[in-house]
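Values reported hereafter were calculated over all heavy atoms of this structure, with side chains retained and with hydrogens, waters and symmetry mates removed. Fair warning: this is a prediction, and the values are worked out from it, not measured in the lab. The sequence lines fix the lettering, A, B, ..., with proteins before strands; numbering per chain opens at 1.
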There are 2 protein chains.
Amino acid sequence: MPDSEYRDIRKLDLFSQMADAHFTALMRGAYVQNFPAQIELITEGEPSDFLHIVLSGSVDLFSAWNGRDTSMATVRPISTFILAATIKDAPYLMSARTLEKSRIALIPSQDVRAIFDADSNFARAIVTELAQCYRSVIKSQKDLKLRTSLERLANYLLRQQKRAGGRAVFELDFEKRRLASVLGTTPENLSRAFKGLQPYGVTVTGSRITIGNQGDLERFAKPNPLIDDFSM
Amino acid sequence: MPDSEYRDIRKLDLFSQMADAHFTALMRGAYVQNFPAQIELITEGEPSDFLHIVLSGSVDLFSAWNGRDTSMATVRPISTFILAATIKDAPYLMSARTLEKSRIALIPSQDVRAIFDADSNFARAIVTELAQCYRSVIKSQKDLKLRTSLERLANYLLRQQKRAGGRAVFELDFEKRRLASVLGTTPENLSRAFKGLQPYGVTVTGSRITIGNQGDLERFAKPNPLIDDFSM
DNA sequence: CAAATCAATTGATAAATGTCAAATGCCGAG
DNA sequence: CTCGGCATTTGACATTTATCAATTGATTTG
């Protein structure tokens, strides 16, 4: 593994406080691999052999049942995924596929569990990470249960605008059909939802969004930190 | 605190492995209180001052936005709730109210965080608990995004049947209007959904459910451990 | 560049879900 | 026991969302 990546991983909240020896031990069994776009990295139901870390690119976590499927979340560098399955030594609940060319580090789950038992700083970091993950899903569950698809889109746009720097014009960061799935709707309805936001000053050109009237959109969307602020 | 409750709490996975001194320290600051039904114990957005443990009765976790509200989960004895907020020292994401007369233990959050730093067995137990909570929410999210309300009800009935002992006749464990909210629908539609399951052999009399043809219902519901098995 | 491919949009329609109002049924207080 | 209150059910209707088919638009590839 290149030294720069080694250091990048070390800097993650999850690993930054652990003992050197333990981090080195973890990395010894780890390996890094490049994947092309649209590769299925893991499949739900399989045993969780590796903790994954996205070093570059991006990964879609999705799930299927009875012929349907849905995007659950997107993982961006640099962060881990399927930590809970690794810790519990339980099957993956979600599948994962690369959205673009991606570089992924793989750490054997049994190593993670072993070091977790030996290093209490690491254990503490895992707690913080899991608590964060848990709260994120709760927020997204509230978004789904309390809002219509139009409201979900409006709030998504406000969140994405913020992530992209806060300007009135910004880019969607993934395809509309995946956005539709993330928002729990269909591509057709997403398209109509964009139209439905025109009265609030939202203009769409391809993946470029313009928020013509911030106040109008916010009054409609009613963003709430207990749903939309993923940093807390 | 009565000795029997002290021991019941000690037996929880969360506390069973920690050092005696630490457990005693935690319990010193804790207190136990009886609440009548329908009391709001915590309100979303407030700072998380206490980790709560339901000793008897039951508690509804719910959330509101823009005049709507929804039931997120039910907490039954003996287990904790709002662990993630306590650990992160972040505001509650959900409100909680007693569903019936309930006995609740309250442990100051700062004590939990302090002991968490000092006792690595406790830290490990928290990891396991949080991983479990996380996976439960993911399952419930999959249920919501991948299934229609009829399918959610069918699978709910199968889960509840199992929890109640597996017989063909069993009782719903809470009011239908709350069940509707948990399932992400309205009381009116829940009522129609029960009718919609008649062709699969489901009969409803008040809160008594009869599953006339297990195979028919299961073929329709298509239960899946990665969504419906909350033990793994 | 042109053809092929795939995403996105649009229109028409169907299905699911929500809302409102009224009726029914259940349960506890007096 | 009877009444009143509340949960539940039902019916009619509105809204939202999904589905299907066709078209448009953008991008890739030979």
Side-chain angles (χ1 to χ4, degrees), chain A residues 36-38 60 64-71 97 99-101 143-157 171-199 202-209 220-221, chain B residues 36-38 60 64-71 97 99-101 143-157 171-199 202-209 220-221:
Chain A
Q38 306 301 336
D60 181 34
W65 177 81
N66 196 26
R68 294 160 228 169
D69 63 67
T70 189
S71 272
R97 76 185 140 216
L99 287 168
E100 54 193 308
K101 195 163 164 303
D143 190 48
L144 270 172
K145 289 188 81 176
L146 290 167
R147 290 172 170 164
T148 66
S149 60
L150 199 59
E151 291 165 341
R152 290 200 294 278
L153 175 59
N155 281 291
Y156 173 83
L157 291 179
E171 298 279 327
L172 292 178
D173 58 351
F174 40 65
E175 317 184 83
K176 286 181 187 166
R177 72 147 136 176
R178 229 173 63 72
L179 176 56
S181 184
V182 168
L183 294 177
T185 184
T186 57
E188 293 95 327
N189 279 318
L190 176 62
S191 185
R192 290 174 190 122
F194 274 120
K195 290 235 166 105
L197 290 181
Q198 275 175 12
V202 174
T203 321
V204 186
T205 318
S207 66
R208 178 175 302 268
I209 307 292
F220 170 72
Chain B
Q38 306 301 333
D60 180 34
W65 177 81
N66 197 26
R68 293 161 228 169
D69 62 65
T70 189
S71 273
R97 76 186 141 214
L99 287 168
E100 54 192 307
K101 196 163 164 304
D143 189 48
L144 271 172
K145 290 187 80 175
L146 290 166
R147 290 172 170 163
T148 66
S149 58
L150 199 59
E151 291 164 343
R152 290 200 294 278
L153 175 60
N155 280 292
Y156 173 82
L157 291 180
E171 298 279 328
L172 292 177
D173 57 352
F174 38 64
E175 310 185 88
K176 286 181 186 165
R177 71 147 136 177
R178 228 173 65 72
L179 175 57
S181 184
V182 168
L183 293 177
T185 183
T186 57
E188 293 95 328
N189 278 319
L190 175 62
S191 183
R192 291 174 189 122
F194 274 120
K195 289 236 166 103
L197 291 180
Q198 274 176 13
V202 175
T203 321
V204 186
T205 317
S207 66
R208 178 174 302 268
I209 307 291
F220 170 73

Fill in: D:dT19 base / A:R68 side chain donor-acceptor hit below 3.5 Å
no
Discussion item. Just the rounded figure in Å: distance from C1' of D:dA12 to CZ of B:R192.
Written reply: 9 Å
Response to the item:
Rounded to the nearest 0.5 angstrom, the CG-NZ distance for A:L150 and A:K195 is 13.5 Å
Worksheet item: In Å and rounded to the nearest 0.5 Å, what is the CD to OG distance from B:E175 to B:S207?
Response: 10.5 Å
Practice prompt. Please test A:T148 against B:R68 for side chain to side chain contact (heavy atoms under 4.5 Å, CB included), starting from the C-alpha separation and ending with a verdict.
Written response: CA-CA 11 Å; A:T148 66; B:R68 293 161 228 169; 4.2 Å; yes
Discussion item. Can you tell me how far apart CD (B:E171) and CD1 (B:I209) are? Round to the nearest 0.5 Å.
Written reply: 8.5 Å
If you look only at distance, which donor and acceptor atoms sit under 3.5 Å apart when one is on a side chain in residues 179-190 of chain B and the other is two or more places apart or in another chain?
residue: B:S181; atom: OG; partner: B:S71; partner atom: N; Å: 2.8
residue: B:T186; atom: OG1; partner: B:N189; partner atom: N; Å: 3.3
residue: B:T186; atom: OG1; partner: B:N189; partner atom: ND2; Å: 3.2

Worksheet, complete the sentence: In this structure, OG1 of A:T70 is separated from CH2 of A:W65 (nearest 0.5 Å) by 13.0 Å
Worksheet item: Any donor-acceptor pair under 3.5 Å linking the side chain of B:R97 with the backbone of B:D60?
Response: no
Fill in: Whole angstrom value for the distance that separates P of D:dT17 from CZ of A:R147
14 Å
Fill in: Axis deviation across the helix from C:dC1-D:dG30 to C:dG30-D:dC1, five-pair ends, to the nearest 10°
40°
Discussion item. Expressed as a whole number of angstroms, how long is the span from B:I209:CD1 to D:dT8:C1'?
Written reply: 13 Å
Worksheet item: Which residues within residues 178-191 of chain B lie with some heavy atom under 4.0 Å of an atom in DNA chain D?
Response: B:E188, B:S191
Practice prompt. Output all residues satisfying ring pair (Phe, Tyr, Trp, His ring centres under 6.0 Å) with A:F220, sequence neighbours left out; order by chain, then residue number.
Written response: A:Y200
Return the polar atom pairs (N/O with N/O) between nucleotides 27-30 of chain D and the protein under 3.5 Å, or none.
none

Response to the item:
Nt span of DNA chain C in reach of chain B heavy atoms at under 4.0 Å, 5' end first, is C:dT17 to C:dC20
Discussion item. What is the separation between atom CG on A:L150 and atom C1' on D:dT15, rounded to the nearest whole Å?
Written reply: 13 Å
